[in-house]
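Residue numbers begin at 1 in each chain, while the letters A, B, ... track the order of the sequences.
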2 protein chains.
Amino acid sequence: MRKDSRLSGVLHVLLHMAETPDPITSEALAAAMHTNPVVVRRIMAGLRDKGYVRSEKGHGGGWTIAADLATLTLRDIYDALGEPDLLAMGNRTEMPGCLVEQAVNAALGDAFAEAEALLLRRFGEVTLAALSADFHRRYLARGGSPDLEHSHAH
Amino acid sequence: MRKDSRLSGVLHVLLHMAETPDPITSEALAAAMHTNPVVVRRIMAGLRDKGYVRSEKGHGGGWTIAADLATLTLRDIYDALGEPDLLAMGNRTEMPGCLVEQAVNAALGDAFAEAEALLLRRFGEVTLAALSADFHRRYLARGGSPDLEHSHAH
DNA sequence: TTCTCATGTAACTTTATATGTTGCGTGAAA
DNA sequence: TTTCACGCAACATATAAAGTTACATGAGAA
């Protein structure tokens with residue numbers, strides 16, 4: 001299974017948006033992430049529906065943040081993406097008639113459920129404001145020279 | 001990404017094998033799991049290499065357990081499968097130059113690492129003997145009638 | 001009004017991976 | 001020597017993320 005990087009991607013985009021009050025176009029965000037504008041719009045659609053971001057068409061249009069980063073958590077973003085699968089493994093069949101498989105499912109299912117709960121709990125503990133603050137810490141630690149530092153020129 | 005069910009499948013197979021000292025053919029195991037004999041051989045190959053099971057060719061051949069179920073853990077089986085990915089999500093890029101992405105990776109990476117560690121810890125706590133015992137509990141609870149109970153006739 | 005910019009969305013392609021299938025070779029027992 | 005069963009390579013299928021193309025829509029600029 002190819003790993004799903006939408007959460008990672010959308011957080012990246014949001015933190016960039018947090019650095020400026022001006023709208024940023026899908027194209028600019030896509031360039032920063034080395035991907036396609038349509039991909040950006042696609043992963044942002046869920047966030048727009050939840051009201052976390054706003055999009056404007058036409059000249060001067062683009063994406064802006066529409067929520068308080070101090071209350072938005074990674075969990076909110078994850079949910080807005082449609083709660084994609086967290087685990088790459090699962091039981092072969094749910095609700096099996098075979099008792100052997102029931103025993104296996106019970107043991108694995110418990111572990112899987114715990115891991116998922118742990119992830120969701122962690123997601124719920126991290127606000128976007130905290131993430132942004134961490135970025136600024138790294139920014140200063142790196143010397144604090146101008147935007148070049150967090151640009152994507154490679 | 002489609003979910004990986006090899007661990008679930010191989011445990012199912014092992015518990016069936018634990019119910020009899022006689023060798024069981026890939027074909028019989030495949031029938032129990034509603035899959036293909038080649039798939040069974042494929043997921044069993046790693047366990048054979050580790051010495052957890054043995055395979056014999058020819059008449060009366062098939063698979064037998066070659067290890068002590070009381071010391072074999074789900075973690076051992078997981079490792080024998082080649083330690084497949086546990087999580088369906090991951091960071092977009094490892095070692096990014098972008099500080100924003102570094103901050104995102106750090107936050108998500110911590111959560112991911114914790115969840116993986118939790119799963120591996122849980123896997124290490126469950127022996128195949130415990131799994132088998134759980135099956136026998138379920139078997140008795142269900143009335144304990146003959147093999148029909150854990151057969152796969154649907 | 002007309003042109004340009006930027007999003008919205010559907011449809012298609014690409015890529016990666018688990019799973020399913022076929023075919024043939026090898027060794028062991030009847 | 002025939003049959004059984006595994007070993008394994010090669011190919012096919014299914015699914016989902018990611019990338020791409022094309023076109024419609026709406027908003028501001030000229």
Side-chain angles (χ1 to χ4, degrees), chain A residues 1-10 12-13 17 22-49 52-66 78 81-93, chain B residues 1-10 12-13 17 22-49 52-66 78 81-93:
Chain A
M1 171 195 301
R2 197 178 193 176
K3 288 222 172 188
D4 182 345
S5 64
R6 280 177 294 177
L7 182 56
S8 170
V10 75
H12 187 174
V13 158
M17 289 167 61
D22 299 328
I24 312 184
T25 65
S26 302
E27 193 172 352
L29 292 172
M33 295 180 54
H34 303 113
T35 182
N36 194 292
V38 179
V39 174
V40 172
R41 294 192 190 109
R42 190 146 61 200
I43 65 179
M44 295 289 277
L47 278 71
R48 183 191 53 220
D49 294 344
Y52 302 154
V53 297
R54 218 186 334 259
S55 61
E56 297 292 343
K57 295 180 177 177
H59 284 275
W63 298 88
T64 46
I65 292 182
Y78 167 78
L81 289 179
E83 309 179 29
D85 269 341
L86 292 169
L87 302 184
M89 311 188 59
N91 288 323
R92 226 171 44 81
T93 57
Chain B
M1 125 205 358
R2 198 177 191 174
K3 286 222 173 188
D4 182 345
S5 65
R6 279 177 294 178
L7 182 57
S8 170
V10 75
H12 187 173
V13 158
M17 288 168 62
D22 299 328
I24 312 184
T25 66
S26 303
E27 192 171 354
L29 292 172
M33 296 179 54
H34 303 111
T35 183
N36 193 291
V38 179
V39 174
V40 172
R41 294 192 189 109
R42 192 147 57 198
I43 64 180
M44 294 290 277
L47 279 71
R48 184 192 52 222
D49 294 343
Y52 301 155
V53 297
R54 216 183 340 257
S55 61
E56 298 291 343
K57 295 180 176 179
H59 284 274
W63 298 89
T64 46
I65 290 181
Y78 168 78
L81 289 178
E83 311 179 28
D85 268 342
L86 293 169
L87 302 184
M89 311 188 59
N91 288 324
R92 226 170 45 82
T93 58

What does nucleotides 6-14 of chain C look like as a protein-contact string, B for base, S for sugar-phosphate only, - for none, at under 4.0 angstrom between heavy atoms?
-> SBBBBB---
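With A/Arg92 contributing its side chain and B/Met33 its backbone, the two residues share a donor-acceptor pair below 3.5 Å. A distance-only check finds no donor-acceptor pair linking the side chain of B/Asp85 to the backbone of B/Leu87 [under 3.5 Å]. Of the possible donor and acceptor atoms, none in the side chain of A/Ser8 sits under 3.5 Å from a partner among the backbone N and O of B/Asn91.
Atom CD1 in B/Ile43 sits about 16 Å away from atom C1' in C/dT17, given to the nearest Å. Rounding to whole angstrom units, CG of residue B/Asn91 and P of D/dA18 are separated by 12 Å. Computed from coordinates, the B/Met44 CE to D/dA5 P distance equals 15 Å when rounded to whole Å. In this structure, CG of B/Asn36 is placed 15 Å from P of D/dA5, rounded to the nearest angstrom. At whole-Å resolution of the value, CE in B/Met89 and C1' in D/dA17 are 12 Å apart. Between the P atom of C/dA18 and the CG atom of B/Leu7 lies a distance of 13 Å, rounded to the nearest Å. Between B/Leu81 atom CG and C/dA18 atom P there is a gap of 11 Å when expressed in whole angstrom units. Computed from coordinates, the B/Lys3 NZ to C/dT19 C1' distance equals 16 Å when rounded to whole Å.
Annotation for A/Glu27: atom CD does not count as buried by contact number, only 12 or fewer foreign heavy atoms lying within 6.0 Å.
A/Arg54 contributes atom CZ, which lies 12.5 Å from atom CZ of A/Arg48 (distance to the nearest 0.5 angstrom).
Looking at A/Thr35 and A/Val40, their side chains come closer than 4.5 Å, going by heavy atoms from C-beta outward.
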